[in-house]
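Beneath this line is the structure, given in structure tokens, with notes to follow.
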Amino acid sequence: MAKIGINLATGSIQKEELIVGIDLGTTNSLVAFINPDKDPQVINDMGRGVLVPSVVHFGLAGDITVGNEAKEYLITDPQNTVFSVKRLLGRSYHDIENYKDFFSYKVIDDDTESLVKIKVGDKFYTPIELSSLILKELKARAEHALKTPVNRAVITVPAYFNDSQRQATRDAGKLAGLDVLRIVNEPTAASLAYGIGLNPDETKTIAVYDLGGGTFDVSILQIQNGIFEVLSTNGNTFLGGDDFDRAIVDYWIEKNQLIKAEVLADNKLAQKLRLKAEESKKAFAHQSMVNDKIGDVWCTITREAFEELILPKVEETITCCKNALKDAGLNISQIDEVIMVGGSTRTALVKKKVSEFFGRKVHDELNPDEVVALGAAIQADILAGNRRDILLLDVTPLSLGIETMGGLMDVIIPRNSKVPTKAGRQYTTSIDGQVNMKIAVYQGERDLIKENRKLAEFELKGIPAMPAGFPKVDINFLLNADGILKIQAVELRSGVKQEVEVIPTYGITDDQVEQMLMDSITHAKDDVSQRMVIEARVEGEQMVSTVEKFLHKNADFLSEEEIAQTKAYVTALKEVLAGSEKDQIHMAIDTLNEYTRPFAERLMDVAISHAMKGKSIE
Ligand code: ADP
Ligand code: MG
């Protein structure tokens with residue numbers, strides 16, 4: 001087990017290469033580094049501000065803008081302006097169905113479990129690609145400000161992010177040309193920024209309260225031996241500073257005796273009021289009243305009135321804190337420190353209520369919207385080996401994972417994970433009646449398994465015959481302190497089980513590990529692009545198979561013309577599946593999907609009317 005740093009220019013091992021820390025936020029993103037004085041510092045390139053709004057605009061001429069400039073297009077060109085993409089990372093359409101109206105851009109409904117896509121103009125983007133555009137911008141700003149190439153980063157994610165959301169974040173980094181050394185939980189980073197958890201001898205239980213632009217979460221962490229364990233998380237992914245702004249706008253609408261629907265229909269006015277509301281909210285830090293006018297609308301509000309407006313929202317966050325404590329099995333007196341994170345914790349009432357609840361002074365010495373990035377930079381510095389005072393625990397030098405559809409590597413234990421560690425994921429079959437499942441274990445950073453190193457292969461036998469997608473196969477990896485990897489596969493419905501053990505470091509030299517890391521960096525972008533084509537193909541093939549099955553079974557419910565048209569779309573999809581144009585594949589899937597969706601609905605109606613007939617008395 002070793003930690004390896006590589007100088008990209010020379011290919012040699014290097015200790016002092018700069019690694020940045022990135023907070024990829026829902027509302028704002030930013031990047032930080034450790035300055036020559038060894039202090040974490042946020043990057044403010046050309047005085048454009050530290051916070052880069054997480055907004056991407058696509059111009060007609062193919063030009064892409066990110067940040068403040070893109071934010072302006074939210075009013076003038078909402079269809080081509082993507083915001084809050086973090087909400088979509090690693091999610092399927094099913095995950096976000098309930099709040100699809102939230103997005104002003106087009107989120108593709110392909111009615112499957114596969115990851116969502118966004119359509120802008122005639123192009124399809126995955127949230128990974130969109131996030132990579134934000135990361136690219138941050139990389140460019142860091143390079144410009146620091147006058148040095150930036151190729152390696154630590155990126156933060158919310159503690160509640162699942163595996164697929166973390167993997168998507170990694171992929172976004174890769175696509176932006178960044179070697180993502182580690183994905184760190186936001187509360188962990190915030191804690192590091194305050195120096196909590198840096199001393200391996202310290203044992204502490206802390207609460208991290210994070211109120212951002214549109215999301216709220218609270219995490220209870222246990223810190224022991226330099227390891228951060230998330231005991232519980234709670235929150236509301238639709239509660240944040242935006243709600244405070246909206247509450248102020250509603251208040252002005254009422255005070256001016258306007259009709260809300262009319263104001264909101266006037267995009268420009270609504271946006272101006274929202275901006276004024278945000279400005280007023282911030283002004284309450286040093287004044288007790290705002291008095292202004294936009295057109296004919298009086299924008300007057302006192303701090304007292306503001307606090308009254310937002311009180312229910314703030315109280316809701318306190319309820320979440322209570323629940324988080326309960327889930328962690330702790331009471332308030334067991335919390336040693338409370339850390340405030342997120343721009344919205346600058347609001348005095350928020351601070352007051354949180355410190356009242358926890359019965360202590362909260363940490364607010366650092367800028368709450370910078371603290372996560374600062375902590376990520378510290379984590380990066382630790383990984384770079386620049387902090388001799390901190391003992392770096394043993395880490396896995398290469399990722400460990402299994403082969404999935406299309407020959408892709410699905411990472412289960414990412415490289416640089418602390419050892420011992422365990423991780424797992426659930427899989428299913430792709431063929432009806434499949435009774436055996438091949439499990440091939442690989443080591444390496446490339447997206448295609450054929451470029452990685454095979455460690456083991458075994459078969460889970462005796463899965464009872466079920467339709468494709470029904471079996472639930474849990475695959476768990478357990479890497480112990482001696483470097484032995486135990487792989488366990490269990491089919492949950494039947495209890496069928498199989499286990500193997502390997503030693504990943506056996507038969508591989510440090511030089512080979514280094515070479516594998518080098519190759520993964522040189523091929524990162526091609527790899528992710530290839531992966532995306534393969535994933536599109538797998539999705540397309542599943543679509544073809546589903547539709548063909550449907551046609552076979554339900555031809556009676558369709559007209560001849562409908563059958564012919566469906567077949568034509570299937571043929572068109574098959575044609576592009578033979579190629580490697582991701583956009584064309586997505587387009588063909590979308591067309592076929594749009595055309596056939598009403599059939600399924602019709603079938604449902606028929607089924608219902610049959611059922612009704614069965615019940616009627618004649
Ligand atoms: P996220 O983590 O969701 O990307 P941030 O932590 O950057 O977001 O928080 C953004 C929110 O913080 C916005 O709603 C913004 O209005 C709010 N905010 C920023 N500064 C202040 C301030 N001084 N007072 C109150 N709210 C603020
Ligand atoms: Mg944040």
Side-chain angles (χ1 to χ4, degrees), residues 21-32 42 49-56 66-68 70-71 74 83-89 102 131 134-135 138 155-161 165 169 184-191 193 208-219 233 235-249 271 273-288 290 301 303 306-307 309-310 313-314 317 339-354 364 366-376:
I22 293 177
D23 173 2
L24 181 61
T26 310
T27 317
N28 296 306
S29 297
L30 63 158
V31 52
V42 289
V50 168
L51 301 180
V52 179
S54 305
V55 182
V56 183
V66 176
N68 271 317
K71 203 174 163 182
L74 282 173
F83 62 95
S84 268
V85 64
K86 188 173 178 179
R87 294 183 187 279
L88 301 173
L89 258 187
F102 170 86
S131 303
I134 298 170
L135 291 170
L138 296 174
I155 306 179
T156 58
V157 297
Y160 59 78
F161 255 30
Q165 294 168 293
T169 307
V184 180
N185 285 332
E186 288 162 11
T188 300
S191 173
V208 181
Y209 177 102
D210 184 345
L211 188 60
T215 62
F216 166 67
D217 57 270
V218 53
S219 313
T233 66
N236 180 344
T237 48
F238 282 93
L239 197 173
D242 299 346
D243 292 305
F244 297 177
D245 307 345
R246 272 191 290 268
I248 298 176
V249 172
Q271 186 63 13
L273 287 172
R274 231 170 269 144
L275 288 176
K276 179 52 73 189
E278 188 179 7
E279 201 185 301
S280 312
K281 165 181 86 175
K282 293 180 183 173
F284 288 136
H286 45 83
Q287 65 193 64
S288 57
V290 169
I301 186 167
R303 189 198 288 139
F306 167 65
E307 294 192 339
L309 287 177
I310 63 166
K313 296 281 173 200
V314 180
T317 68
I339 297 177
M340 300 300 263
V341 179
S344 299
T345 63
R346 283 205 166 101
T347 298
L349 183 72
V350 173
K351 267 190 229 182
K352 179 164 160 254
K353 289 287 168 191
V354 176
D364 61 355
L366 298 169
N367 282 335
D369 30 25
E370 296 176 0
V371 41
V372 167
L374 293 172

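No experiment lies behind these values; they were computed from the predicted model shown. One-based numbering, in listed order, for ligands and for the atoms of each.
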What residue and heavy atom of the protein are closest to [atom], and at what distance?
atom                    : value
atom 10 (C) of ligand 1 : G213 N, 3.6 Å
atom 9 (O) of ligand 1  : G343 N, 3.3 Å
atom 25 (C) of ligand 1 : T347 OG1, 3.3 Å
atom 2 (O) of ligand 1  : G212 CA, 4.2 Å
atom 26 (N) of ligand 1 : K281 CE, 3.3 Å

Out of L51, N28, D242, T27, indicate the one that has the non-hydrogen atom closest to atom 3 (O) of ligand 1. T27
Numbered atoms and elements of ligand 1 in range of [X], under 4.0 angstrom, heavy atoms:
X    : value
E278 : 15 (C), 16 (O)
G25  : 4 (O)
G342 : 6 (O)
R346 : 20 (N), 22 (C), 23 (N), 24 (N)
G241 : 14 (O)

Determine, using heavy atoms of S344 and all atoms of ligand 1, whether some pair is separated by less than 4.0 Å.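 Per 4.0 Å heavy-atom rule, S344 contacts ligand 1.
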Can E279 and K276 be counted as an ion pair, charged N to O under 4.0 angstrom? yes
N-O pairing of E278 and R274 below 4.0 Å: no
Would you say K282 and ligand 1 have an N/O pair spaced under 3.5 Å apart? no
Any N or O of G214 closer than 3.5 Å to N or O of ligand 1: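 It does not: no N or O of G214 is found under 3.5 Å from an N or O of ligand 1.
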Polar side-chain atom of T215 near backbone of G212 as donor-acceptor pair, under 3.5 Å: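 Looks like no, no N/O pair under 3.5 Å.
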Is a donor on one side and an acceptor on the other found under 3.5 Å between the side chain of R346 and the backbone of D369?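 No: the side chain of R346 does not pair with the backbone of D369.
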Just so I know, are the side chains of V218 and T233 near enough to count as touching, which here means a heavy-atom distance under 4.5 Å?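 Not touching, per the 4.5 Å side-chain cut-off.
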Exactly one candidate in T347, L349, L309 meets side chain to side chain contact (heavy atoms under 4.5 Å, CB included) with F244; the answer is T347
Quick check on side chain to side chain contact (heavy atoms under 4.5 Å, CB included): which of L135, L138, V50 does V31 satisfy it with? L138
Between Y209, F238, Y160, which is the residue that forms a ring-ring contact (aromatic ring centres under 6.0 Å, His included) with F216?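 Of all the options given, the one that passes is Y209.
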Please find the pair of heavy atoms, one from E307 and one from A348, that lie closest to each other, and give the distance.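 Here E307 and A348 meet closest at OE2-CB, 4.5 Å.
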